[in-house]
Student: 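Pasting a structure here, questions to come.
Order of the sequence lines fixes the chain letters, A, B, ..., with proteins taken first and strands second; residue numbering starts at 1 for each chain.
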Amino acid sequence: MRILSQEFYARPARLVAPDLLGKRLVRNYDGQRIAGLIVETEAYCDPEEPDLACHGDRTNKGRPTPRTKVMFGPAGFGYVYFTYGMHWMFNVVTGKTGQANAVLIRALEPVEGEWLIARNRAGRERADWTNGPAKLAQALAIDGTLNEVCLFKTEGGIWIEDQPTISFENISTGPRVGLGNTPEPWISKPWRYWLTNNRFVSGKNRG
DNA sequence: ATGTTGATTGGCT
DNA sequence: GCCAATCAACATT
């Protein structure tokens, strides 16, 4: 078992996002492990070109705000934010310090601590436990207390473990989800990555 | 100080 | 397919 290092994260989001597919997101939940294999991600803010869909670019003229400041910090930390009045989103900060680079974790395939996930997602079918960004946050008991958590050590209670690399042939790409008001060209950028035909990818996008 | 929006989900039609 | 839920951050005044 090897925990992904800070160096792994300290690359552009568009490289880290596909590389995270297949990796194991682990949560220490009262001493018990809850874990899932990452099956869907989205990249926000390529350092090579601005990304108007990225929280770091779309507010405050691209300068940090209390919510987004962690995105501008060093790679390998969690960016957790609250939206729609009820949902938490879990991102990993990537890229260079000073750049608002991050990858949204959108879906997991449950592999450890499934009885705990079942409890956190009470009443839902296994297929609906972690097939969406807010769903996996609830499944792993992720909330705002994990904002700015260090992901390359275990002390913060959440980290990502290395797994065999996924061949590019098994990775699909497409536009990101839920961008609403974001202008072109960003709304159409194919910066979402998922494991082709995986049952736990969000929505209907599995092809 | 007030208004708008949102990197979603789940329930209903 | 459509829409309400629910509120913090952000934009505007």
Student: Mind checking if A:Asn181 touches a base, just sugar-phosphate, or nothing, with heavy atoms under 4.0 Å?
Tutor: sugar-phosphate

Student: Roughly how far apart are A:Ile142 CD1 and A:Arg27 CZ, rounded to 0.5 Å?
Tutor: 6.5 Å

Student: With a 4.0 Å limit, can you tell me whether A:Arg176 has a side-chain N or O closer than that to the phosphate oxygens OP1/OP2 of B:dG6?
Tutor: no

Student: In residues 10-19 of chain A, which ones come under 4.0 Å of DNA chain C, going by heavy atoms?
Tutor: none

Student: Based on Watson-Crick and G-U pairs with both distances under 3.5 Å, what dot-bracket line describes DNA chain C 5' to 3', crossing pairs as [ ] and inter-strand pairs as |?
Tutor: |||||.||||||.

Student: What does the B/S/- profile of nucleotides 2-13 of chain C look like, 5' to 3', with a 4.0 Å heavy-atom cutoff to protein?
Tutor: ---BBB-SSS--

Student: Salt bridge or not between A:Arg176 and A:Glu42? Use side-chain N to carboxylate O under 4.0 Å.
Tutor: no

Student: Is it true that A:Asn60 and A:Thr65 share a donor-acceptor pair across their side chains at a distance under 3.5 Å?
Tutor: no

Student: Can you name the one residue among A:Asn147, A:Ile158, A:Leu140, A:Leu146 that meets side-chain contact (heavy atoms from CB on, under 4.5 Å) with A:Phe90?
Tutor: A:Ile158

Student: What's the closest nucleotide to the side chain of A:Arg121 if the choices are B:dA7, B:dG10, B:dT8?
Tutor: B:dG10

Student: Taking atom types as modelled, find out whether A:Arg121 and A:Thr130 have a side-chain donor-acceptor pair closer than 3.5 angstrom.
Tutor: no

Student: Across the strands shown, which category fits A:Ala53 at heavy-atom distances under 4.0 angstrom: base, sugar-phosphate, nothing?
Tutor: base

Student: Give a yes-or-no answer on whether the side chains of A:Tyr9 and A:Glu7 include a donor-acceptor pair shorter than 3.5 Å.
Tutor: no

Student: What is the nucleic acid contact for A:Gly180, judged by heavy atoms within less than 4.0 Å: base, sugar-phosphate only, or nothing?
Tutor: nothing

Student: Relative to each other, are the rings of A:Trp88 and A:Phe82 parallel, tilted or perpendicular (30° and 60° limits)?
Tutor: tilted

Student: Assign A:Leu104 to base, sugar-phosphate, or nothing according to its heavy-atom contacts below 4.0 angstrom with the strands shown.
Tutor: base

Student: Could you tell me whether A:Glu161 and A:Lys23 have a side-chain N and a carboxylate O separated by less than 4.0 Å?
Tutor: no

